[in-house]
Colleague: 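Here you go, one structure.
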Amino acid sequence: MSVGVGVTGMGMVSAIGLSVAENLSSLATSRCGITRVDNFETRHRDNVLVGEIKLSNTALEERIGLIKGHGVTRTGMLGILAAREAVQQAGLLFTDPSVRTGLISSTSVGGMDVTEKYFYSYTQDPELQHYILSHDAGVSTQQIADDLGLKGTVTTISTACSSAANAIMLGARLIKSGRLDRVIVGGTDALSKFTLNGFNTLMILSDTYCKPFDQNRKGLNLGEAAAYLVLESDALIAKEQKPVLAYVAGYGNANDAFHQTASSENGEGAFLAMQKAFAVSELVASQIDYINAHGTATPNNDLSEGRALLRAFGNGVPTFSSTKAFTGHTLAAAAAIEAVYSILAIQEGMVFPNLNFETPMEEFELIPQADLLRRDVNYVLSNSFGFGGNCSTLIFGRY
C-alpha cells in the first residue's frame with residue numbers, strides 16, 4: 001500500500017521576513033528584501049544587491065539564546081530559527097521513542113562565514129579556535145538537531161542550489177519506504193564573501209534588482225535564508241489527528257552533466273526531473289495550477305528552464321513565476337524557501353508575482369505572472385537546479 005506524506009509544519013527566515021507569516025505578508029504586498037550588503041565588509045558592496053537578513057550575528061545569538069563560546073555559525077543560527085518554527089507548528093515533542101524521526105538539512109556555505117572571518121586569527125586568539133570545527137557542512141545540521149533535542153537519523157545534503165529539494169525528496173522517500181515516520185527537511189545558507197566573490201567571478205551577479213524571465217535580465221541577486229518542513233506519514237498523521245498543510249505529491253531528480261555551472265541549452269535535466277515528478281505523482285501536466293520556477297534571472301538559467309517548461313507542458317504552460325526577486329537566490333535554502341511558498345500558494349489561493357518583469361524574452365512566448373493573482377491552487381510544481389546539472393522538481397498538492 002502506498003504511503004502518503006503530509007506536511008504538518010513549516011518555518012522560515014529570509015530577507016522578507018523572520019517567520020512564515022511575515023514572508024506571506026511580504027509576498028502578498030510585493031515587498032522585496034533586496035538591498036546592499038550590511039553584515040560584512042566587501043569591496044563589491046556598491047556593485048551588487050543581495051537578499052540579506054537584517055540581523056547581525058549578535059542579534060541572532062540573543063534571539064536564539066546562545067552563550068559565549070557556542071561555535072554556532074550564521075548558517076546554523078538561521079537554520080535553528082527556521083527549524084524551531086516548523087517544529088512548533090507541527091507540535092513535535094520527540095517524547096515517543098516508537099516514532100522514528102529524522103533531520104535532513106542542506107547547505108552549500110556551511111561554516112564558511114566564520115572561517116573567512118577568523119582564519120588568520122586562529123593562531124593568535126585561542127578564544128576563536130572553537131569555530132574551527134564549525135567549518136564543515138554537516139556541523140550546522142548537527143547544531144540544529146542538538147537545539148531541537150533530536151536523537152534520530154541526522155544527515156546533510158549538498159548539491160548546490162538543488163540541495164533542499166533533494167533533502168525534501170529524500171525525506172519523503174524515507175517515509176514512503178517505511179524507514180522513518182517523520183522527517184524534518186530543508187536547508188540553510190548564510191551570505192559570505194566566499195560565495196559573493198565566487199558568483200562575481202562567474203559574472204552572473206546583477207548590479208540592480210534581478211528580473212527573472214525578462215529579456216533584459218542581467219543576473220541574480222544572492223540571498224541568505226533558511227526554511228524547514230515537517231513531513232509525516234499519513235498513518236502517523238491519522239494517529240495523532242494533526243492538521244495538514246499540504247502533501248508531497250511528486251518528486252524527481254535528474255543530472256544532465258552538461259557543464260560545471262551552466263544548464264543545458266534545451267533544459268534536458270529540468271525536463272527529465274519534471275517528467276519523473278509527474279510519474280511519481282501520477283498527475284498529468286494539465287493538472288498543475290502554478291509553477292514556482294527556479295528563475296534565477298541569469299541568461300542561461302531562464303532560457304534553459306523556459307525551454308524545459310515548453311517541452312514538459314507544450315502550449316499549455318500554466319501560470320508561473322519566480323519568487324527570487326523577493327529573497328535573492330538563497331542557494332541551498334532556495335528549494336525549501338520555495339517549497340513553503342508553494343504550500344502557501346495552495347493554502348491562500350495566491351500566485352505570487354514575478355517582480356521586475358517588463359519585456360518578454362525573444363526566444364519564446366512565455367510571460368510570467370507579474371502581479372499577485374488570487375485563484376484556486378490545488379497543485380504546485382517547484383523547480384530547483386544546481387551547479388553540475390543537478391535538477392530537482394517537487395510537486396505539492398492540497399491535502
Side-chain angles (χ1 to χ4, degrees), residues 10-39 48-55 74-75 78-79 81-82 85 106-109 160-165 186-192 195-196 199 204-206 208-213 217 219-229 291-298 301-302 320-345 350-357 368-370 372 380 382-386:
M10 303 189 298
M12 69 189 309
V13 291
S14 78
I16 60 171
L18 301 180
S19 66
V20 172
E22 288 184 11
N23 273 263
L24 175 60
S25 176
S26 295
L27 291 168
T29 56
S30 295
R31 185 182 71 82
C32 84
I34 307 302
T35 62
R36 299 292 180 190
V37 178
D38 289 326
N39 286 329
V48 299
L49 294 173
V50 297
E52 184 178 63
I53 296 171
K54 298 304 181 183
L55 288 176
R74 186 173 179 86
T75 293
L78 297 178
L81 286 177
E85 183 186 11
S106 60
T107 186
S108 60
V109 175
C161 307
S162 61
S163 297
T188 178
D189 259 341
L191 282 169
S192 70
T195 47
L196 196 67
F199 277 80
I204 55 175
L205 292 181
S206 177
T208 186
Y209 296 103
C210 72
K211 305 172 65 134
F213 297 103
R217 64 198 185 281
L220 58 83
N221 303 131
L222 278 179
E224 61 180 357
Y228 289 88
L229 298 83
I291 298 171
N292 186 294
H294 188 58
T296 60
T298 60
N301 175 89
D302 292 7
F320 74 97
S321 66
S322 167
T323 48
K324 287 185 173 63
F326 283 93
T327 63
H329 186 1
T330 58
L331 305 181
I337 290 287
E338 290 154 20
V340 174
Y341 291 169
S342 297
I343 293 170
L344 288 175
M350 293 181 181
V351 171
F352 304 118
N354 192 108
L355 297 180
N356 310 321
F357 177 81
Q369 180 63 35
L372 181 71
V380 178
S382 183
N383 280 330
S384 295
F385 312 137

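A quick note: this is a predicted structure, and the numbers were derived from the prediction, not measured. Position 1 is the first residue of the sequence, and the numbers go up from there.
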Colleague: So do Y341 and T327 actually touch side chain to side chain, heavy atoms under 4.5 Å?
Modeller: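 When only atoms from C-beta onward are counted, Y341 and T327 do touch, with a gap below 4.5 Å.
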Colleague: Could you list the residues that satisfy side-chain hydrogen bond (donor to acceptor under 3.5 Å, both in side chains) with T107, not counting sequence neighbours?
Modeller: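 With neighbours one apart ignored, the set is D189.
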Colleague: So does V351 get a backbone contact from the side chain of Q369, meaning a donor-acceptor N/O pair under 3.5 Å?
Modeller: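 Here the side-chain-to-backbone pair does not exist.
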Colleague: Does T195 offer a backbone N or O that forms a donor-acceptor pair with the side chain of S192 under 3.5 Å?
Modeller: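 Confirmed, S192 side chain pairs with T195 backbone.
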Colleague: When rounded to the nearest 0.5 angstrom, what distance separates OG in S106 from OH in Y228?
Modeller: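 The OG atom of S106 sits 6.5 Å away from the OH atom of Y228.
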Colleague: Would the F213 and F320 ring centres measure less than 6.0 Å apart?
Modeller: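 So the answer is yes for these two rings.
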Colleague: Please report the interatomic distance CD1(I343) to CE(M10), rounded to the nearest 0.5 Å.
Modeller: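 Atom-to-atom, I343:CD1 and M10:CE are 5.0 Å apart.
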Colleague: How far apart are the closest heavy atoms of S382 and S342, and which atoms are they?
Modeller: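 So the minimum-distance heavy-atom pair works out to CB-OG, 3.7 Å.
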Colleague: Using a 4.5 Å cut-off on heavy atoms from C-beta on, say whether the side chain of L355 contacts that of Y209.
Modeller: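 SC-SC contact between Y209 and L355 ruled out.
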Colleague: Looking at I204, T330, L191, which one forms a side-chain contact (heavy atoms from CB on, under 4.5 Å) with L222?
Modeller: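 Only one of I204, T330, L191 forms a side-chain contact (heavy atoms from CB on, under 4.5 Å) with L222, namely L191.
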Colleague: Output every pair passing salt bridge (charged side-chain N to carboxylate O under 4.0 Å, His left out) with a member in residues 17-26, not counting sequence neighbours, ordered by first then second residue.
Modeller: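 Listed by first then second residue: nothing to list.
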Colleague: Taking side-chain hydrogen bond (donor to acceptor under 3.5 Å, both in side chains) as the definition, give me every residue that meets it alongside S14, ordered by chain and number, with sequence neighbours left out.
Modeller: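 side-chain hydrogen bond (donor to acceptor under 3.5 Å, both in side chains) list for S14, sorted by chain: N23.
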Colleague: May I ask you to test the M350-L344 pair for a side-chain heavy-atom distance under 4.5 Å?
Modeller: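 No, their side chains stay 4.5 Å or more apart.
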Colleague: Between atom CG of L205 and atom CG of N221, what is the distance when rounded to the nearest 0.5 Å?
Modeller: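 Atom-to-atom, L205:CG and N221:CG are 8.0 Å apart.
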Colleague: Let me confirm one number: the CD1-CG distance from I16 to L24, rounded to the nearest 0.5 Å.
Modeller: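 Separation between the atoms: 9.0 Å.
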Colleague: Can you tell if the side chain of V13 reaches within under 4.5 Å of the side chain of T188, non-hydrogen atoms only?
Modeller: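 Sidechains of T188 and V13: no contact.
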Colleague: Taking side-chain hydrogen bond (donor to acceptor under 3.5 Å, both in side chains) as the definition, give me every residue that meets it alongside S206, ordered by chain and number, with sequence neighbours left out.
Modeller: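 Testing S206 for side-chain hydrogen bond (donor to acceptor under 3.5 Å, both in side chains), a comparison that skips the adjacent residues, returns none.
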Colleague: Can you give me the closest heavy-atom contact between A227 and A336, atom names plus distance?
Modeller: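 So the two residues come closest at O-CB, 3.4 Å.
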Colleague: Test your reading of the model: is there a side-chain donor-acceptor pair from N354 to the backbone of P212, 3.5 Å cut-off?
Modeller: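 The answer is yes, because a donor-acceptor pair under 3.5 Å joins these two groups.
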Colleague: Taking C-beta and beyond as the side chain, do I53 and R74 meet within less than 4.5 Å on heavy atoms?
Modeller: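 SC-SC contact between I53 and R74 confirmed.
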Colleague: Using atom types as modelled and distance alone, determine if a side-chain donor or acceptor of S321 lies under 3.5 Å from a backbone N or O of F352.
Modeller: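 Yes, the answer is positive, given that a donor and an acceptor are paired below the 3.5 Å cut-off.
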Colleague: Under a 4.5 Å cut-off applied to non-hydrogen side-chain atoms, are V50 and I34 in contact?
Modeller: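 No, every pair of side-chain atoms sits at 4.5 Å or beyond.
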Colleague: With rounding to the nearest 0.5 Å, note down the distance linking CG in N39 to CD in E52.
Modeller: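 Result: 4.0 Å between the selected atoms.
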Colleague: Going by the rule ring pair (Phe, Tyr, Trp, His ring centres under 6.0 Å), which residues pair with H294 if we only count those two or more places apart in sequence or in a different chain?
Modeller: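 Residues passing ring pair (Phe, Tyr, Trp, His ring centres under 6.0 Å) with H294: H329, F385.
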Colleague: Work out which heavy atom in A370 is nearest to a heavy atom in P353; give both atom names and the distance.
Modeller: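 What the structure gives for the nearest pair is O-CB, 3.4 Å.
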Colleague: For residues 323-343, pull every pair meeting salt bridge (charged side-chain N to carboxylate O under 4.0 Å, His left out), keeping only residues two or more places apart or in separate chains.
Modeller: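 Output for this query lists K324-E338.
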